[in-house]
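Notes follow the structure.
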Amino acid sequence: MTVNEREGTAGAGAPGVPTALVPRRVPGAPRAAVLFLHGGRSEGRAPSRPWHLAALRMRPFVRAVAAALPDDGVFLGEVRYRVRGWNGSEGDALRDVRRALDELARRAGDVPVVLVGHSMGGRAALRAAGAPQVRAVLALAPWCPDGEPVSHLRDKDVVVIHGDRDRVTEPGASVAFVDRARAAGARADVRLVPGGDHAMLRGDTDWHRVAAATAVGMLPP
């Protein structure tokens, strides 16, 4: 069953706190889940809204993954951030991903999860991969600052796709991150997209197709 649920506060963990998980497809008995994490800013405490460009940019990826799935047993959802920024040691986006994983477990049970994140969402997805239910991460043009932790990625599947003309996040940082993740025991790979930009607008159809095939391939059989 495909759904586009109202983005309210129903089911929130505390009064006045919006849910972190926005369901996009809810099967009757989920066997796995894919969660999508859009980008944001390094700093920013203004509320994150579903009509911001960063959020809208991920919607075609949700549709592409839905179309590529061989069956309807996979829950699809988007992570809703409370604010637009990462905000230093507060790691607001990471906190929201963890809330979304908790909400997913309450809704769907202990199912394996693939995280698909762009930019700041890629950083949040990679950080959140230490959760036991996270099977794999697909990071699109992720923000990978120096010193990002990798030890928690041991035995995880990680694929990073980055445009080689990205001027917002650094492709070379993605390559270095994947090298360190491999050394830490992750099954990690990086793919550079010739001519690809940060917004994934050049060759957007190819971005959607490749990302969908990769994410679906990370799901359990």
Practice task
Take W207 and I161, measure what side chain to side chain contact (heavy atoms under 4.5 Å, CB included) needs, and give me the verdict at the end.
Solution key: CA-CA 9 Å; W207 275 97; I161 304 178; 3.6 Å; yes

Practice task
May I ask you to decide if A131's main-chain N or O and R98's side chain share a donor-acceptor pair within less than 3.5 Å?
Solution key: no

Handout entry: CZ (R41) with more than 12 external heavy atoms under 6.0 Å
Key = no

Handout entry: Distance-minimising heavy-atom pair for D72 and R25
Key = CA-NH2, 3.6 Å

Problem - Modelled atom types, side-chain donor and acceptor of S48 and R80, under 3.5 Å - result: no

Problem - Heavy-atom check, side chain of R127 versus side chain of V97, under 4.5 Å - result: no

Exercise for the section: Establish whether V158 and V79 are linked, either directly or via other cluster members, by ILVMFWY side-chain heavy-atom contacts under 4.5 Å. Expected result: yes

Practice task
Please report the closest heavy-atom contact between A54 and H38, naming both atoms and the distance.
Solution key: O-CB, 3.1 Å

Problem - Expected output: side-chain R135 to main-chain M218 donor-acceptor under 3.5 Å - result: yes

Handout entry: D96 side, atom CG; L101 side, atom CG - distance, nearest 0.5 Å
Key = 11.0 Å

Practice task
For atom CG of D155, decide whether the heavy atoms of other residues, nucleotides or ligands shown that lie under 6.0 angstrom number more than 12.
Solution key: yes

Problem - Pair R209 + D206: basic N to acidic O under 4.0 Å - result: yes

Exercise for the section: Show your reasoning for whether side chain to side chain contact (heavy atoms under 4.5 Å, CB included) applies to W143 and V168. Expected result: CA-CA 9 Å; W143 174 27; V168 177; over 6 Å; no

Completion exercise
Residues passing the ring pair (Phe, Tyr, Trp, His ring centres under 6.0 Å) test with H162, sequence neighbours excluded, are none

Practice task
For R180 and E148, indicate whether the former's side chain and the latter's backbone hold a donor-acceptor pair under 3.5 Å.
Solution key: yes

Problem - ring pair (Phe, Tyr, Trp, His ring centres under 6.0 Å) partners for F61, two or more places apart - result: H208

Problem - Flag, side chain of E78 to backbone of R24, donor-acceptor distance under 3.5 Å - result: no

Problem - Side-chain ion pair, D92 and R82, N-O less than 4.0 Å - result: yes

Handout entry: Closest non-hydrogen atom pair, A128 against L94
Key = N-CD1, 3.7 Å

Exercise for the section: Identify the heavy atoms of L192 and P171 that sit nearest to each other, and give their distance. Expected result: CD2-CB, 4.2 Å

Problem - R182 vs D189, side chain to side chain contact (heavy atoms under 4.5 Å, CB included): CA-CA, chis, key distance, verdict - result: CA-CA 8 Å; R182 284 188 190 132; D189 187 25; 3.7 Å; yes

Practice task
Identify the residue among T169, V178, V150, L126 that makes a side-chain contact (heavy atoms from CB on, under 4.5 Å) with C144.
Solution key: L126

Handout entry: Expected output: side-chain K156 to main-chain V134 donor-acceptor under 3.5 Å
Key = yes

Problem - Pairs where residues 108-120 contributes a residue and the test side-chain hydrogen bond (donor to acceptor under 3.5 Å, both in side chains) is met, not counting sequence neighbours - result: S119-H198

Fill in the blank from the handout: Exactly one candidate in V113, L104, V34, V111 meets side-chain contact (heavy atoms from CB on, under 4.5 Å) with F75; the answer is L104

Exercise for the section: Could you tell me whether R165 and D197 have a side-chain N and a carboxylate O separated by less than 4.0 Å? Expected result: no

Practice task
Show your working on side chain to side chain contact (heavy atoms under 4.5 Å, CB included) between L69 and L76 and close with a plain yes or no.
Solution key: CA-CA 11 Å; L69 284 169; L76 301 181; 4.2 Å; yes

